[in-house]
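Input: a single structure, listed below in structure tokens.
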2 protein chains.
Amino acid sequence: MKAKAAGLGSCNCLSLRQAARHVSQFYDQQLAPFGLTLNQYTILVRLAVLGAAPITAVAQDLVMDRTTLTRNLKPLQAAGLLTQKPSDSDRRSQYLSLTSRGEHVFALATPAWAAAQARYEQEVGAGQAAALRQLLHNVVQTPLLG
Amino acid sequence: MKAKAAGLGSCNCLSLRQAARHVSQFYDQQLAPFGLTLNQYTILVRLAVLGAAPITAVAQDLVMDRTTLTRNLKPLQAAGLLTQKPSDSDRRSQYLSLTSRGEHVFALATPAWAAAQARYEQEVGAGQAAALRQLLHNVVQTPLLG
DNA sequence: GCACGATAAGTGTAATTGCACGCAAAATGG
DNA sequence: CCATTTTGCGTGCAATTACACTTATCGTGC
């Protein structure tokens with residue numbers, strides 16, 4: 001009997017987690033000089049691109065737990081990069097929006113993020129990177145739990 | 001000027017993290033009835049497939065931090081699924097090996113893992129899943145940090 | 001206008017993770 | 001053979017994450 005197929009290499013989930021850890025370390029390293037983690041930078045992107053929004057909406061866009069987002073907001077608020085204020089029409093909703101300082105830091109950090117993207121795509125291959133993103137997008141959209 | 005391309009959908013790292021979270025939740029749910037997290041099950045696989053090995057070697061195989069592995073071992077040892085004993089030739093090395101009980105639980109949990117794999121591959125597509133694993137493997141092998 | 005459930009957020013808490021550090025055993029080399 | 005460096009592990013600690021719960025506000029029906 002031939003050796004049992006690698007239970008390790010064939011696990012879809014493990015390969016995802018390992019790759020995510022590997023790439024996260026790299027992106028975090030690139031963004032560290034600006035005092036941002038990838039998660040924090042991602043929040044800035046979301047607000048910069050799509051504008052102000054309530055916490056729950058942002059969390060859904062980022063596929064993050066709402067409470068995790070809440071805690072990720074703290075250091076950003078403390079650094080004066082974004083503000084949070086209740087909506088006029090619904091005082092339960094806390095609208096998040098970038099401050100001018102937030103936009104500034106976002107503009108400063110974006111080249112570092114772009115450099116990380118470029119380095120990654122150079123190493124992995126631009127076509128493969130695009131294919132990978134598409135596959136991952138499909139995976140996230142796929143309902144599995146139940 | 002047209003709207004800036006989605007900074008969100010185009011981030012390689014974010015798409016990886018989101019997919020990893022999404023799929024991890026599913027696998028963990030499938031393995032929960034056996035009292036195993038995906039990480040713990042992965043450790044059993046590693047030992048079942050490749051046999052006994054020192055902690056550092058296992059950590060490298062699994063692309064896990066060594067200290068994280070050490071802590072993941074605790075509940076498995078407490079449950080009597082694996083044992084840890086110093087090598088005869090090098091008493092620094094702690095050799096990990098499955099107990100018969102560990103092999104038993106591994107055999108019990110493997111169908112659940114296989115079912116998760118099958119469900120995932122059914123939803124995502126077997127061909128796409130294989131392509132994704134290959135791409136992810138490439139990514140993990142790619143040196144990025146520096 | 002008021003009681004009711006539904007929705008948006010914040011907090012307590014526990015599990016997980018990984019870096020920095022310390023300790024013991026082995027290898028090196030004078 | 002002893003001193004030094006290297007290697008294999010465990011632990012303290014802080015950061016991150018997410019589930020369960022609480023609070024405040026909104027909408028509905030009576």
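Lettering of chains follows the sequences in order, A, B, ..., and the numbering in each one begins at 1. All values reported here derive from a predicted model rather than from experimental measurement.
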| field | d(CG, D28(B); C1', dC19(D)) in whole Å | value | 14 Å
| said: Between P on dC9(D) and CE on M64(B), what's the gap in Å once rounded to a whole number? | reply: 14 Å
| message | If you compare every side-chain N and O of T70(B) against the phosphate oxygens of dG10(D) (OP1, OP2), does one of them come in below 4.0 Å? | response | yes
| task | Would you mind reading off the distance between Q94(B) atom CD and dC23(C) atom P, rounded to a whole angstrom? | result | 18 Å
| request: Round to the nearest Å and state the distance from L62(B) atom CG to dG18(C) atom P. | output: 12 Å
| field | Test item: L132(A) and N138(B) side chains (from C-beta on) under 4.5 Å apart, heavy atoms | value | no
| remark: Nearest heavy-atom approach of V139(B) to A19(A) is CG1-CB, 4.3 Å
| said: Looking only at the side chain of R92(A) (C-beta and beyond, no hydrogens), which of the listed nucleotides dC19(C), dA8(C), dC19(D) gets closest? | reply: dA8(C)
| message | Within the 4.0 Å heavy-atom criterion, would you say S93(B) contacts the bases, only the backbone, or no part of the nucleic acid? | response | sugar-phosphate
| Shortest side-chain distance from T68(B), nucleotide among dT25(D), dT17(C), dA18(D) | dT17(C)
| message | Any side-chain N or O of R66(B) below 4.0 angstrom from OP1/OP2 of dT7(D)? | response | no
| task | Taking the side chain as every heavy atom from C-beta outward, state whether T83(A) and L96(A) have any atom pair closer than 4.5 Å. | result | no
| request: State whether R91(A) places a side-chain N or O below 4.0 Å from either non-bridging phosphate oxygen (OP1 or OP2) of dC26(D). | output: yes
| Closest contact, heavy atoms only, L31(A) versus A109(A) | CD2-O, 4.0 Å
| field | Nearest listed nucleotide, side chain of N72(B), among dT17(C), dA18(D), dG10(C) | value | dT17(C)
| Can you tell me how far P of dT17(D) sits from CG of N39(B), to the nearest Å? | 16 Å
| Residue pair C13(B) / Y120(A), side-chain heavy-atom distance below 4.5 Å | no
| request: Can you tell me the distance, in whole Å, between the CG atom of L69(B) and the C1' atom of dG18(C)? | output: 13 Å
| query | Do the side chain of T67(B) and the base of dC9(D) come within less than 3.5 angstrom through a donor-acceptor pair of N or O atoms? | reply | no
| remark: Between T56(B) and R71(B), whichever has its closest DNA chain D nucleotide further toward 5' is T56(B)
| query | Atom CD1 of I55(A) to atom P of dT7(C): distance rounded to whole Å? | reply | 18 Å
| Closer to the 5' end of DNA chain D via nearest nucleotide, is it A57(B) or P75(A)? | A57(B)
| Just how far, in rounded Å, is P of dC9(D) from CG of D65(B)? | 13 Å
| query | Would you say a side-chain N or O of Q84(B) is under 4.0 Å from OP1 or OP2 of dC9(D)? | reply | no
| note | Comparing Q25(A) with P54(A), nearest DNA chain C nucleotide closer to 5' gives the residue P54(A)
